[in-house]
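In this text the structure is predicted, and so the values were computed from the model without any measurement. Heavy atoms only: backbone and side chains are in, while hydrogens, waters and symmetry mates are out.
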Amino acid sequence: MYTRTVLSTAVLSGLAAAAPAQSSSGWPLVSILESAIPSGWAYSASSAASSAVASASSAASAAATTAASGTGVATNQGGYVAGYSNADATFADYSPTPLTTLATSFGPDSQLSAHATAAPTTGTGAAATQISSIPTGATSHGPYSGVPTTTGAVSTTVASATIATMALNPTATYYNTNGKLQNEQPIPYTPAGGLGTNGSLPRYMVESDFDYESIALGLYQEWIELDLFNNGIALFSEEDWLAAGLTAEDVSLIQFMAQQEQGHATLLSNMLGETAPPQCTYDYPFTNAREFVDFNQLLTRFGESGVWGFINHLDSREVGQLLAQSIATEGRQQMIFRQMSGLHPMPVWFETGIPQSWAWTFLAPYISSCPENITRLAWQNFPALHVTNQANINRFSPNDTGLFERTDNRSASPATIPSQAESCINLNVTGEGCGPAIGRNRSEPLSFAGKQILLEWDTPGQPVGPNMSYVTAAGGVAGTPKYVAWASQLNLTYTDLVLTGSNAGYTFQPNATVYENGAAIVNGTTFIAITDTDMFLTPFNLSMINPHIVALGMYQAG
């Protein structure tokens, strides 16, 4: 987020085979090794620097100068540091013991002293009532076929179409120059400052419309996860799970994650009060266990990122405290579903935070219908942005992915399964297999810097969400589509959009790092948007881009 400039200098040798093949549908595919991104070209996404060109040798010279001046950073990010490679660990000498005697019978060998105990049902130690029910089997699912009685997001009078960019908050003045305490301590071992530390009694309830709508959105997310996890358990047999490389113990883990959602739904309902929205009916995009876990890794991604995007804007810090403790579990769920999908569990340095309207845009298409008079949301539903050549995680060669290899055209729907001859699911080959595993590295990555990304997007005005009662709309001031915004980790990066039709175009995956010589910005599950501006934004004010968004989507980069 430190600059809008995207360097595309690393057009690596050996990527010729990775360039997309000519499409039969008329897409103007450009070879990244010929004319699209010449080696050494520095691409700037800001309009003021769109013609900037720098040679790779000049960049290397500048890097050497920086390193010589002592102001640079470590260039070796691979963990191979002098003094560590092949060092003798004499402080922890260990020789593995040969396996000779293994257990053959199992059971409790010892008896421990104990007495019967019961959980308290009254008093301070008693548990509060759980709002979410424990499902006993599959519930009704599928698309909505009725007629909505209400349309559009909930709204009152609107003060302005956009929020103006201002200077720093006038109270943001603290800077410590000597590493010592600057102010009087309220009590021993406690520095001055902090909010909610003055002894006032915590109130774990929302404190504003912003809080209410944010937590209500979070509750919609928790309800679908509770239903989704249980639905997968109810639908698929032991043979179905084994076909996806998952055992009964893996299924038990998913069952426990469903139980976690009972607690999350109860927590958020209590923070909202009597108008908290109940569970709805859902329309899922999977037909087998492999697609189920792929959908889960996508759904939990935007669910987690949606909370990181608003949690520090909440008026109630008490609500934020409990929400953080639940979303930490959500992040673990997302990592587990990535492992079950044969993806690297955490290929990024930082998890992305996205605005509420982004999370609602991704979630709403999977909600079929909700009970009458349910609490409605104020957040926007943007038109869907489709990556038509989205990499298929089930192929050992993702570069062979054709157009629209997804179960349907909703943004978070999973990849289809190719023929066995093209699939990586059951390959026990290092670098090629993609079955469930603790960690996976691909010989051929899902995507790479400089890859041409083919895009199509819906026109505004499409009915979507519960009872088809919400309507998609572009940002209020969005004009002609010009850029693709990539929101990933700590950065918002722009690339130029080349229009090929009224609702179609292409761009190239940016080549940039979070910090100098560090991890690539684009990895894992990334969020992308078509915009009319390349305004400079950072994680804390990312929602200011909303009025300029034409369409919104997700990009599977790793």
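- The shortest side-chain heavy-atom distance between Asp283 and Tyr144 does not fall under the 4.5 Å cut-off.
- The local environment of CG in Asp408 is crowded, with over 12 non-hydrogen atoms from other residues, nucleotides or ligands closer than 6.0 Å.
- A heavy-atom distance below 4.5 Å is found between the side chains of Phe337 and Ile254.
- The heavy-atom pair separating Pro481 from Trp457 by the smallest distance is CG-CZ2, 4.2 Å.
- Around atom CE of Met544, more than 12 heavy atoms belonging to other residues, nucleotides or ligands sit under 6.0 Å away.
- With hydrogens and angles disregarded, no donor-acceptor distance shorter than 3.5 Å links the side chain of Asp211 to the backbone of Leu314.
- For the atom pair Tyr506 OH and Glu456 CD, the distance stands at 15.0 Å (nearest 0.5 Å).
- Partner His548 forms a side-chain hydrogen bond (donor to acceptor under 3.5 Å, both in side chains) with one of Asp534, Thr533, Asp532, Thr531 and no other, that one being Asp532.
- One side chain, Gln325 or Gln321, offers a donor N or O that lies under 3.5 Å from an acceptor on the other.
- Cys280 places none of its side-chain heavy atoms less than 4.5 Å from the side chain of Trp223.
- Within the 4.5 Å cutoff, the side chain of Pro463 has no heavy atoms near those of the Tyr470 side chain.
- Side-chain atoms of Pro278 and Ile374, non-hydrogen and from C-beta on, do get closer than 4.5 Å to each other.
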With side chain to side chain contact (heavy atoms under 4.5 Å, CB included) as the criterion, how do Val307 and Glu330 come out once you've worked through the C-alpha distance, each side chain's angles and the decisive distance to 0.1 Å?
CA-CA 10 Å; Val307 172; Glu330 189 99 351; over 6 Å; no
Check step by step if side chain to side chain contact (heavy atoms under 4.5 Å, CB included) holds for Tyr220 and Leu363.
CA-CA 9 Å; Tyr220 271 90; Leu363 172 59; 4.0 Å; yes
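- Residue Arg290 comes nearest to Val293 through the heavy atom pair O-CG2, 3.2 Å, listed as atom of the first residue, atom of the second, then distance.
- Judged by distance alone, the side chains of Thr407 and Glu291 never bring a donor and an acceptor atom under 3.5 Å apart.
- With rounding to the nearest 0.5 Å, the separation of CG in Leu343 from CD in Gln334 is 9.0 Å.
- Ser214 and Gln356 are linked by a side-chain donor-acceptor pair at a separation below 3.5 angstrom, with hydrogens and angles left out of the test.
- Looking only at atom types and distance, the side chain of Trp486 has a donor-acceptor partner in the side chain of Thr495 under 3.5 Å away.
- Here the straight-line distance linking atom OG of Ser488 with atom CH2 of Trp349 works out to 12.5 Å at 0.5 Å rounding.
- A donor-acceptor contact shorter than 3.5 Å links the side chain of Thr361 to the backbone of Ser357.
- A donor atom on one side chain and an acceptor atom on the other are not found under 3.5 Å apart for Thr493 and Asn491.
- For the atom pair OG1 (Thr266) and CD (Glu261), the distance works out to 10.5 Å, reported to the nearest 0.5 Å.
- Side-chain contact between Glu405 and Arg395 is present, with at least one heavy-atom pair separated by less than 4.5 Å.
- Judged by distance alone, the side chain of Gln339 and the main-chain N or O of Pro345 form no donor-acceptor pair under 3.5 Å.
- Asp227 has its side chain within reach of His141: a pair of non-hydrogen atoms, C-beta onward, lies under 4.5 Å apart.
- Distance alone, capped at 3.5 Å, is enough to place a donor-acceptor pair between the Arg338 side chain and the His344 backbone.
- Between the side chain of His313 and the main chain of Phe540, a donor-acceptor pair closer than 3.5 Å is present.
- Looking at Tyr204 and Asn270, their side chains never come closer than 4.5 Å, going by heavy atoms from C-beta outward.
- Remark: the backbone N or O of Gln462 is paired with a side-chain donor or acceptor of Thr472 at under 3.5 angstrom.
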Could you go through the side chain to side chain contact (heavy atoms under 4.5 Å, CB included) check for Met340 and Asp250 one step at a time?
CA-CA 9 Å; Met340 289 181 173; Asp250 300 314; 4.1 Å; yes
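- Here the options are Phe229, Trp241, Tyr284, the test is ring pair (Phe, Tyr, Trp, His ring centres under 6.0 Å), and the partner is Phe292; only Trp241 passes.
- Here the side chain of Thr507 pairs a donor or acceptor atom with the backbone of Asp496 at under 3.5 angstrom.
- Leu253 CG: more than 12 foreign heavy atoms inside a 6.0 Å radius.
- Proximity of a side-chain donor or acceptor of Asn523 to a complementary backbone N or O of Pro347 within less than 3.5 Å is detected.
- Rounding to the nearest 0.5 angstrom, the gap separating the CD1 atom in Ile354 from the CD1 atom in Ile545 is 14.0 Å.
- Side chains of Gln509 and Tyr555: a donor-acceptor N/O pair is present below 3.5 angstrom, by distance only.
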Show your working on ring-ring contact (aromatic ring centres under 6.0 Å, His included) between Trp358 and Phe310 and close with a plain yes or no.
CA-CA 11 Å; Trp358 295 30; Phe310 72 70; over 10 Å; no
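- The CZ atom of Phe527 sits 6.0 Å away from atom OG1 of Thr352, with the distance rounded to the nearest 0.5 Å.
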Evaluate the side chain to side chain contact (heavy atoms under 4.5 Å, CB included) criterion for residues Thr401 and Asn389: first the C-alpha distance (whole Å), next the side-chain angles of each, then the deciding distance (0.1 Å), finally the verdict.
CA-CA 7 Å; Thr401 301; Asn389 62 336; 5.8 Å; no
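- Checking side-chain atoms of Arg442 against main-chain N and O of Cys434 turns up no donor-acceptor pair under 3.5 Å.
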